[in-house]
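Keep in mind that the numbers below use all heavy atoms, side chains included, and drop hydrogens, waters and symmetry copies. Naming: A, B, ... by sequence-line order, numbering from 1 per chain. No experiment lies behind these values; they were computed from the predicted model shown.
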Amino acid sequence: MSRQANRGTESKKMSSELFTLTYGALVTQLCKDYENDEDVNKQLDKMGYNIGVRLIEDFLARSNVGRCHDFRETADVIAKVAFKMYLGITPSVTNWSPAGDEFSLILENNPLVDFVELPDNHSSLIYSNLLCGVLRGALEMVQMAVEAKFVQDTLKGDGVTEIRMRFIRRIEDNLPAGEE
Amino acid sequence: MSRPAHRRPEYHKINKDLFVLTYGALVAQLCKDYEKDEDVNKYLDKMGYGIGTRLVEDFLARSCVRRCHSYSEITDIIAQVAFKMYLGITPSVTCNNSSRTEFSLILDKNPLVEFVEELPAGRSSLSYCNLLCGIIRGALEMVHLAADVTFLQDRLKGDRVTEIGITFLRKLDEKKYRRKK
């Protein structure tokens with residue numbers, strides 16, 4: 001008594017709402033598991049890091065971006081390719097430091113927080129901190145040690161969400177044999 | 001920590017990989033929290049239920065599906081519209097009984113397990129994707145339909161396909177309906 005539904009080929013795309021709600025379930029679970037916001041933030045960062053080190057391979061395979069020659073190119077790729085691909089948004093890249101080793105990603109809207117209000121007892125929670133870990137982990141796999149942190153957050157009443165990225169140093173050890 | 005989306009957010013189509021890896025992190029966290037697979041499964045189902053009750057609003061607003069007249073139509077919409085929209089796949093539908101209240105969704109591909117080679121050691125009863133069952137159950141309940149939703153087969157457990165069984169129960173009385181938390 002079976003009939004086949006019209007099965008199209010699998011799409012690599014999905015609508016972001018399921019992700020948004022699943023992410024919310026993850027943060028909620030961590031808030032139950034850890035007593036204070038700082039520990040939740042740390043755990044989100046750590047999880048994000050582990051995700052980032054896996055995600056970068058797929059990103060490089062799908063996006064066909066070549067090697068970036070400097071941190072400015074890296075910033076553009078993160079904003080215009082990676083964020084677009086995985087979150088459907090294109091943050092702007094601004095506030096470069098004079099030395100060119102720090103910049104900000106300004107997210108005017110953040111799909112992760114579409115259904116979210118921070119409760120009063122979680123005022124220090126960095127809700128989207130997974131993203132900082134993802135950025136850090138992914139960039140480490142391409143030989144860049146960076147720091148990523150939220151400096152503004154619409155969930156906390158700021159007008160925009162701003163992630164500050166700082167280049168720490170190039171990582172030499174992970175280069176596989178044969179590469180320059 | 002949530003509110004109904006009273007403002008319509010922009011519709012974003014995204015690549016699935018970040019979601020899939022985040023889902024894995026969620027399951028891993030629950031495995032730390034609960035020793036028994038049954039508890040993880042139950043918790044995934046409960047979380048999914050909460051998600052489904054919210055997701056259905058978004059789904060109905062965006063998909064413009066008309067009112068369904070049979071469980072068979074509903075199951076088709078779940079497979080061909082909802083799964084397509086939120087997971088980018090279209091499971092096939094089979095009907096399992098002559099009174100047409102029991103159906104199966106056969107997932108030939110399951111994006112949630114793309115990075116999962118096998119279940120972790122000691123987790124052989126884990127229903128890794130059990131969030132999906134809760135989502136379907138919660139969404140249906142919000143349109144006044146009670147259903148049991150469970151994995152009947154699972155590739156991660158060595159079965160040939162992944163199969164979600166949906167058994168429609170009685171129609172919920174709208175007046176008596178109370179939203180469960």
(request) Is it possible for you to say whether B/Leu21 and A/Val142 belong to one hydrophobic cluster, with membership spreading through side-chain heavy-atom contacts below 4.5 Å? (result) yes

(message) Counting neighbours of CD on A/Glu108 that are heavy atoms of other residues, nucleotides or ligands and sit closer than 6.0 Å, is the number greater than 12?
(response) no

(request) Answer with side chain, backbone, both or neither: which region of B/Asp17 has an atom nearer than 4.5 Å to a non-hydrogen atom of chain A? (result) both

(request) Examine A/Val160 and A/Leu87 and state if one hydrophobic cluster contains both, with Ile, Leu, Val, Met, Phe, Trp and Tyr joined whenever side-chain heavy atoms are less than 4.5 Å apart. (result) no

(message) If hydrophobic clusters are built by linking Ile, Leu, Val, Met, Phe, Trp and Tyr wherever their side-chain heavy atoms come under 4.5 Å apart, do B/Leu152 and B/Ile136 end up in the same one?
(response) no

(message) Is it true that, when you exclude B/Lys36 itself, more than 12 heavy atoms of the residues, nucleotides or ligands shown sit nearer than 6.0 Å to its NZ?
(response) no

(request) Write down the atom of A/Ala25, the atom of B/Ile51, and the distance for their closest heavy-atom approach. (result) CB-CD1, 4.3 Å

(message) How long is the straight-line distance from CG of B/Leu112 back to CG of A/Leu18, given to the nearest 0.5 Å?
(response) 7.5 Å

(message) Please output the residues of residues 46-62 of chain A in contact with chain B, using a heavy-atom cutoff of under 4.5 Å, in numerical order.
(response) A/Met47, A/Ile51, A/Arg54, A/Leu55, A/Asp58, A/Arg62

(message) Is any side-chain heavy atom of A/Thr22 closer than 4.5 Å to one of B/Met47?
(response) no

(request) Would you mind reporting whether A/Leu21 and B/Ile135 have side-chain heavy atoms less than 4.5 Å apart? (result) no

(request) Count the heavy atoms belonging to other residues, nucleotides or ligands that lie under 6.0 Å from NZ of B/Lys109, then report whether that count exceeds 12. (result) no

(request) Check each atom of B/Tyr43 against the heavy atoms of chain A and say whether the ones under 4.5 Å are side chain, backbone, both or neither. (result) side chain

(request) Can you measure from CD (B/Gln29) to CG (A/Leu30) and round to the nearest 0.5 angstrom? (result) 5.0 Å

(request) Would you kindly confirm whether A/Val151 and A/Leu155 end up in one hydrophobic cluster when ILVMFWY residues are joined by side chain heavy atoms under 4.5 Å apart? (result) no

(message) Hydrophobic clusters here meaning ILVMFWY residues chained together by side-chain heavy-atom distances under 4.5 Å, can you tell me if B/Val93 and B/Val65 are in one?
(response) yes

(message) So, applying side chain to side chain contact (heavy atoms under 4.5 Å, CB included) with A/Glu17, which one of B/Arg54, B/Met85, B/Arg62 is it?
(response) B/Arg62

(request) To the nearest 0.5 Å, tell me how far B/Leu26 CG sits from A/Gln29 CD. (result) 7.0 Å

(request) Give a yes or no on this: more than 12 heavy atoms of other residues, nucleotides or ligands lie within 6.0 Å of atom NZ of B/Lys157. (result) yes

(request) Please tell me if the side chains of B/Asn15 and A/Tyr86 come closer than 4.5 Å, counting only heavy atoms from C-beta onward. (result) yes

(request) Report yes if the side chains of A/Ser16 and B/Lys13 come closer than 4.5 Å at any heavy-atom pair, otherwise no. (result) no

